[in-house]
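Input: a single structure, listed below in structure tokens.
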2 protein chains.
Amino acid sequence: MIVIGSVLYVGTKYGSELAHSYTSELARVPMPELPDIVVLARSMQEALRNQRIVGVAVNQPKCLNLPVAKFSRSVSGLGFRHIKQRGKWVLAEMDKDWTLAFNQGMGGEVQLHKPDEVPDPKRERVVFRLDDQSQIWVHHWWYGHVHLVEPGKLGAHPQIGKLGAEPLAEDFTVERLGEMLAGRRGRIKSYLLDQKFIAGIGNVYVQDILWHARLHPLRKTNTLNASDVARLHKGIRHVLGEGIRWGGGPGEQDVWGNKGRYAEHLQVGYRTGKPCPACGTLIEELRVGSTTSYICPKCQIAP
Amino acid sequence: MIVIGSVLYVGTKYGSELAHSYTSELARVPMPELPDIVVLARSMQEALRNQRIVGVAVNQPKCLNLPVAKFSRSVSGLGFRHIKQRGKWVLAEMDKDWTLAFNQGMGGEVQLHKPDEVPDPKRERVVFRLDDQSQIWVHHWWYGHVHLVEPGKLGAHPQIGKLGAEPLAEDFTVERLGEMLAGRRGRIKSYLLDQKFIAGIGNVYVQDILWHARLHPLRKTNTLNASDVARLHKGIRHVLGEGIRWGGGPGEQDVWGNKGRYAEHLQVGYRTGKPCPACGTLIEELRVGSTTSYICPKCQIAP
DNA sequence: GCATCAAACAAAGA
DNA sequence: CTCTTTGTTTGATG
């Protein structure tokens, strides 16, 4: 155990030692959030644009929203037009305005593979064959989805249709965040994790967002003043931006298998017992509902 | 305090002494349930059939579902056709297929008054004048409603439209009850009180229903076997029938002010410390969620 | 550990 | 429990 004393630490000085312990424990089950999905969607856009699906193998029918036969028939022949992120979903706009929607649930991979590679049907839930004979292998660690959505039906999708604000969109202003929070009385952490309010934040990035905003996860939403909301807004945009900048979180990969490096830049998340980058106080772990929180007890005062 | 020992008591021997303590404590805030509403609706049918509303005074606009002006304009001139009970609501089918719906919330009165009587506007929420110049005074102790529903819109009413099964209807069979309970995992008392499953049961009659079925209020719904369900079905029909037979519960009145006498026939409800009518064991009180339960600890074994 | 939904449960408000 | 709304907890889901 590292004893820190009262020395003041700043920046990301302790990033590398954190990265090691974090990735060794959690890399097996990466749980993709908005930045990871942005990185994946961008790589898919680069790799799959102008490609066409010529065949599909479904090894886990439960991850579909349609019967296998209908899914296969409908998706075959469709070309990829544009691929983007929405909340924790990758949305691929296909020919004829269909949407192929990927949700990695509690973790998984969407990987491009060469024509001659042979997928393990026990591991790969869905395999798409493209017209240049390359393949997309979709693997889910746990509870992922590959949904094919009819033209114009995205708003009626049981999950996608209920997603809240995109936190990196231009219209997600500090004023709007303030209005959204007004009158609510729950915990700020629960609010940030609720996809119907703000879409894309999960239990990894929320830690650093709250730390940047100097907010304790148990703070009640209706106790936030204008300054709190301003710091929160800045924290959301900054931390999610950093996640994208570093290619996504620990264990996440783009479609070619390039690994994210945000683990090296985590401030408090998953750094129990290590020093706060701002003040050196040892980071503590606490339970908030069913999730774990990581906080600096000095920077994030309990309510 | 009465000490009972091991003597066996049966029937409703102790009804009268219970009736006194019960009515003295609770009569001020009666909370009407299905039997009380049946009795009220029958008396209204008798008293109001073929009468016509010629005027209305609204002293508490919040109990309406429409602005006062629109409510008054729409209801004036309508004649009563048929009046019936649905859950804890009195539904009066009016001319032109409009429905005038009364909900007494946590208690109240719908009373017929002579032409020359003068209502206290502070007490009577709504007063209807009929074409024979007699009056209907609607009083609410707390949170009652007088709603006017357009033809064909009853199913879209935010409360009435969501009501569950009518427990005295012919199609409420033991088989249906079994199907309704299948797969649920909550407490049987919570289930019985939830209006979206079965409509009309409240915290008075539910006590005797569970006692008749020999079920503890904390029993999990999914632990009931066929015999439990059969006793429960019988208990529901029997107890609600008794409530009607005795003219409704304590503090309830029909439209002429005749008082209900079911208080004298309560088996365990609100009889803490008195003997169980079946075995003589002293009745106990316990909290189930936010409500109070009254049980015989010998007849209704804890789960 | 935590994604998401549904049900159950609790508190507050009208 | 009178009923709704909100939020929290728990259980189930490949």
Side-chain angles (χ1 to χ4, degrees), chain A residues 22 25-33 58-64 87-89 103-108 122-123 125 140-145 158-160 162-163 183-187 189-191 193-197 199-204 206 218 220-222 251 269-270 272 285 287-294, chain B residues 29-33 37 60 62-63 87-89 103-108 140-145 157-160 162-163 183-187 189-206 220-222 287-293:
Chain A
Y22 180 78
E25 287 173 18
L26 286 188
R28 288 160 296 162
V29 185
M31 286 152 287
E33 306 178 23
V58 177
N59 300 316
Q60 178 47 272
K62 294 200 175 187
C63 70
L64 304 182
K88 297 176 185 176
W89 290 77
N103 183 296
Q104 299 300 90
M106 293 193 69
K122 287 230 166 54
R123 178 188 150 91
R125 310 300 210 209
H140 296 144
W141 292 100
W142 227 7
Y143 302 131
H145 300 284
Q159 279 129 283
I160 301 167
K162 290 173 190 145
L163 292 175
R184 308 238 140 233
R185 48 190 166 83
R187 299 163 179 166
K189 186 187 176 186
S190 306
Y191 186 91
L193 291 178
D194 193 326
Q195 304 300 302
K196 73 170 173 286
F197 300 130
I201 301 174
N203 202 46
V204 172
V206 75
L218 292 178
K220 290 296 164 76
T221 311
N222 54 13
Y270 301 88
T272 313
E285 206 174 305
R287 300 283 297 176
V288 174
S290 64
T291 69
T292 304
S293 276
Y294 303 85
Chain B
V29 185
M31 287 156 287
E33 306 178 24
I37 298 300
Q60 177 48 273
K62 289 194 177 189
C63 70
K88 298 176 185 175
W89 290 77
N103 182 295
Q104 298 300 89
M106 293 194 70
H140 297 146
W141 292 100
W142 229 6
Y143 304 128
H145 300 285
H157 187 279
Q159 282 132 17
I160 301 167
K162 290 174 191 144
L163 292 176
R184 308 236 142 234
R185 49 188 166 83
R187 300 161 178 167
K189 184 184 179 189
S190 306
Y191 186 92
L192 293 173
L193 291 176
D194 193 325
Q195 304 300 300
K196 74 172 172 285
F197 299 131
I198 302 172
I201 301 174
N203 203 44
V204 173
Y205 294 97
V206 74
K220 290 297 164 81
T221 310
N222 53 14
R287 299 284 295 178
V288 175
S290 63
T291 70
T292 303
S293 276

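Side chains are part of it too, since the values below use all heavy atoms of this structure and drop only hydrogens, waters and symmetry mates. Residue numbers start from 1 in every chain, and the chains themselves are labelled A, B, ... in the order their sequence lines are given, proteins ahead of strands.
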Taking the side chain of [X] as its heavy atoms from C-beta onward, which of [options] lies nearest to it?
X        : options              : answer
A:Gln195 : C:dC2, C:dT4, D:dT2  : C:dT4
B:Arg184 : C:dA3, D:dG14, C:dA8 : C:dA8
A:Met106 : C:dC2, D:dC1, D:dG14 : C:dC2
B:Arg185 : D:dG7, C:dA8, C:dC2  : C:dA8
A:Lys88  : C:dT4, D:dC1, C:dC2  : C:dT4
B:Ser190 : C:dT4, D:dT13, C:dC9 : C:dC9
B:Trp89  : D:dC1, C:dA3, D:dC3  : D:dC3

(request) Provide the distance between the two C1' atoms, one in D:dC1 and one in D:dT5, to the nearest whole Å. (result) 15 Å
(request) Decide whether B:Thr292 and B:Arg287 meet the rule of one side-chain donor and one side-chain acceptor closer than 3.5 Å. (result) yes
(request) Check the angle between the aromatic planes of A:Tyr270 and A:Tyr294 and answer parallel, tilted or perpendicular using the 30° and 60° thresholds. (result) tilted
(request) Could you tell me whether A:Arg125 contacts a base, only the sugar-phosphate backbone, or nothing, with contacts defined as non-hydrogen atoms closer than 4.0 Å? (result) base
(request) For B:Pro158, report the nucleic acid contact type (base, sugar-phosphate, nothing); a contact means any heavy atom under 4.0 Å. (result) sugar-phosphate
(request) Could you summarise the pairing of DNA chain D as dot-bracket text, marking Watson-Crick and G-U pairs under 3.5 Å with ( ) or [ ] inside the strand and | across strands? (result) .||||||||||||.
Are [X] and [N] close enough that a side-chain N or O sits under 4.0 Å from OP1 or OP2?
X        : N     : value
A:Tyr294 : C:dG1 : no
A:Arg187 : D:dT9 : yes
B:Asn103 : D:dC3 : yes

(request) Indicate yes or no: at least one non-hydrogen side-chain atom of A:Tyr143 is less than 4.5 angstrom from one of A:Asn103. (result) no
(request) Of all the heavy-atom pairs spanning A:Met106 and A:Met31, show the shortest one and how long it is. (result) O-CG, 3.2 Å
(message) On a heavy-atom basis, which atom in B:Gly144 and which in B:Cys63 lie closest, and how many Å separate them?
(response) O-CB, 3.2 Å
(request) Let me see the working for B:Lys189 and B:Asn203 under side chain to side chain contact (heavy atoms under 4.5 Å, CB included), right down to the final yes or no. (result) CA-CA 9 Å; B:Lys189 184 184 179 189; B:Asn203 203 44; 2.8 Å; yes
(message) Quick check: on DNA chain D, is the nucleotide nearest B:Leu193 upstream (toward 5') of the one nearest B:Gln159, or the reverse? Name the residue that is more 5'.
(response) B:Leu193
(request) Please confirm whether any donor atom in the side chain of A:Tyr143 sits under 3.5 Å from an acceptor in the base of C:dA3, or the reverse. (result) no
